[in-house]
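Worksheet: one structure, shown below.
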Amino acid sequence: MGIQERIKDIEDEMNRTQKNKATEGHLGLLKARIAKLKAQLLEGPKGGGGKGEGFDVGKYGDARVALIGFPSVGKSTLLSTLTPTQSLSAAYEFTTLTCIPGVIEYKNAKIQLLDLPGIIEGAAEGKGRGRQVIAVGRSADLILMVLDAQNGEEHKAKITGELESVGIRLNQRRPDITFKRKAANGIIFNATCKLSHMSQEIARRICHEYKIFHAEILLREDATVDQFIDILESRNRSYIPCLYVYNKIDVISIEEMDELARRPDTVVISCNMNLNLDYLLQRIWEKLQLVRVYTKKPGKHPDFSQPLILTGRRDGYSVQAACLQIHKEMVKDFKCSFVWGKSTKHLAQRVGLRHALCDEDVLQILKKNK
Ligand SMILES: Nc1nc2c(ncn2[C@@H]2O[C@H](COP(=O)(O)OP(=O)(O)OP(=O)(O)O)[C@@H](O)[C@H]2O)c(=O)[nH]1
Ligand SMILES: [Mg+2]
């Protein structure tokens with residue numbers, strides 16, 4: 001029996017099982033089995049993905065944003081509007097067949113924008129160019145889910161489902177669970193809050209399914225069984241921020257548009273009519289949480305023309321990350337630094353390598369005398 005059929009079988013069994021306290025443990029076990037099979041699918045011979053012709057675009061700039069959506073929603077039109085790169089757009093589906101990179105220059109940062117082929121239902125299993133598209137999506141710092149304002153809902157649910165099934169979690173953070181494998185003493189399970197989904201017994205059964213017999217588990221939030229499995233499968237899980245971009249608002253009514261625009265993590269635009277694109281850029285910037293740091297030489301004015309750009313999802317916001325961007329030897333020669341800006345209590349505060357910088361801070365680094 002193929003892996004797909006085995007997953008289907010277990011899903012059927014789950015649907016047949018009544019959901020109550022007595023079956024919770026069993027359902028948890030079935031969920032773990034599905035997660036394991038899906039992980040196998042990802043690692044399978046055809047798995048991994050990303051190696052398709054034309055999909056291995058190198059990382060460029062300070063952050064990477066991927067355009068994911070069904071065919072003909074206007075992904076290529078958006079890339080051509082926001083960047084100098086032109087990606088072919090047309091009224092027929094599957095116009096774009098590979099990954100087309102463009103660059104947005106915004107607030108002195110370079111943001112790589114990737115146009116991708118449209119994905120369809122079954123993408124996670126390799127339909128169309130699904131696997132490659134998802135692999136590129138996984139490498140992104142932000143996913144822009146481009147939707148057609150006329151039938152966005154259905155597409156949004158389908159794409160979210162496809163991404164979920166390969167372990168991509170949109171706009172979620174990693175559950176606050178500590179999991180440490182041990183050599184002895186069995187499964188030690190603790191929680192700092194009241195639990196309504198998990199229990200020692202469920203955790204034990206799921207761990208056994210993964211052939212883990214000794215571990216220390218600490219839940220610091222009321223996590224669900226799925227979240228617990230995500231921790232065990234953390235190798236295959238990516239937590240990526242996402243903006244839902246509804247395009248073609250020129251063809252819907254103002255009331256419909258108003259309703260869409262009020263939803264969280266949502267931006268409504270029209271590429272053809274150039275509506276709301278500035279706001280989209282602003283929201284992309286906020287979601288990426290990039291931090292600009294201006295450097296200053298002793299006795300000189302800060303250099304406001306070319307900031308260092310720090311990214312939380314890459315190297316973090318520390319002074320050390322800033323040093324590494326200037327030169328890889330800089331950390332070795334580092335003596336101390338002074339910071340002006342929001343991250344400090346007073347001006348010209350002396351800080352070390354671990355200090356976290358804020359947007360638009362000014363940084364002066366002093367090197368050791370040799
Ligand atoms: N009405 C309207 N049509 C748009 C808008 N943006 C794009 N289109 C049209 O939508 C069609 C598809 O646009 P593309 O940019 O090729 O779509 P795509 O998502 O890249 O499609 P694939 O590459 O096939 O996945 C084109 O005919 C565009 O002219 C818009 O804001 N309003
Ligand atoms: Mg396209």
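We count ligands from 1, going down the list as the structure has it; atoms in each ligand are counted the same way. In this text, all values refer to a predicted model and were calculated from it rather than measured experimentally.
The shortest contact between atom 7 (C) of ligand 1 and any protein heavy atom is with Thr77 OG1, 3.5 Å. Nearest protein neighbour of atom 1 (N) of ligand 1, counting heavy atoms only, is Asp250 OD2, 3.0 Å. The nearest protein atom to atom 23 (O) of ligand 1, hydrogens excluded, is given as Thr96 OG1, 2.7 Å; this is a heavy-atom distance. Of the protein's non-hydrogen atoms, Asn247 ND2, 3.2 Å is the one closest to atom 6 (N) of ligand 1. Atom 27 (O) of ligand 1 has its closest protein heavy atom at Ala91 CA, 3.4 Å. Ranking the protein heavy atoms by distance from atom 18 (P) of ligand 1 puts Lys75 N, 3.5 Å first. Ala90 O, 3.7 Å is the protein heavy atom nearest to atom 11 (C) of ligand 1. Gly74 N, 3.1 Å is the protein heavy atom nearest to atom 17 (O) of ligand 1.
Under 4.0 Å from ligand 1, heavy atoms of Asn272 appear from its side chain as well as its backbone.
Tested against Thr178 for a side chain to side chain contact (heavy atoms under 4.5 Å, CB included), the candidates Ile231, Leu219, Leu218 yield a single pass: Leu218.
More than 12 heavy atoms of other shown residues, nucleotides or ligands fall within 6.0 angstrom of atom CD in Glu153.
Interface atoms of ligand 1 facing Ser270, defined by a heavy-atom separation under 4.0 Å, are 30 (C), 31 (O). Counting the atoms of ligand 1 from 1 in the order shown, those under 4.0 Å from a heavy atom of Gly118 are 25 (O). Close approach to Val73 involves these atoms of ligand 1, each under 4.0 Å from a residue heavy atom: 17 (O), 19 (O). For ligand 1, the atoms lying closer than 4.0 Å to a non-hydrogen atom of Ser76 are 15 (O), 18 (P), 20 (O), 23 (O).
Look at Thr77 and the Mg ion (ligand 2): no N/O/S atom of the residue is under 2.8 Å from the metal.
Salt-bridge annotation for Lys342 and Glu360: absent, with no side-chain N of the basic residue lying under 4.0 Å from a carboxylate O of the acidic one. Salt bridge status for Glu154 with Lys158: present, with a side-chain N to carboxylate O gap under 4.0 Å. In summary, Lys248 and Asp148 engage in a salt bridge, as defined by a charged side-chain N under 4.0 Å from a carboxylate O.
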- Item | Trace of the side chain to side chain donor-acceptor pair (under 3.5 Å) decision for Asp303 with Thr295 | CA-CA 6 Å; Asp303 175 7; Thr295 51; 4.9 Å; no
- Message: Between Lys31 and Lys36, is the side-chain contact (heavy atoms from CB on, under 4.5 Å) condition met? List the steps.
- Response: CA-CA 9 Å; Lys31 280 184 175 168; Lys36 266 176 67 182; over 6 Å; no
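Considering backbone and side-chain atoms alike, Ile269 places every N or O at 3.5 Å or more from each N or O of ligand 1. When only interatomic distances are considered, the shortest N/O to N/O separation between Asp115 and ligand 1 does not fall below 3.5 Å.
Side chains of Glu233 and Asn236: a donor on one and an acceptor on the other come within 3.5 Å. No donor-acceptor contact under 3.5 angstrom links the side chains of Ser238 and Arg169, judged on distance only.
Listed for the Thr344 side chain is no donor-acceptor partner under 3.5 Å among the backbone atoms of Leu347.
Judged by the shortest distance from any of its heavy atoms, Gly69 lies outside the 4.0 Å radius around the atoms of ligand 1.
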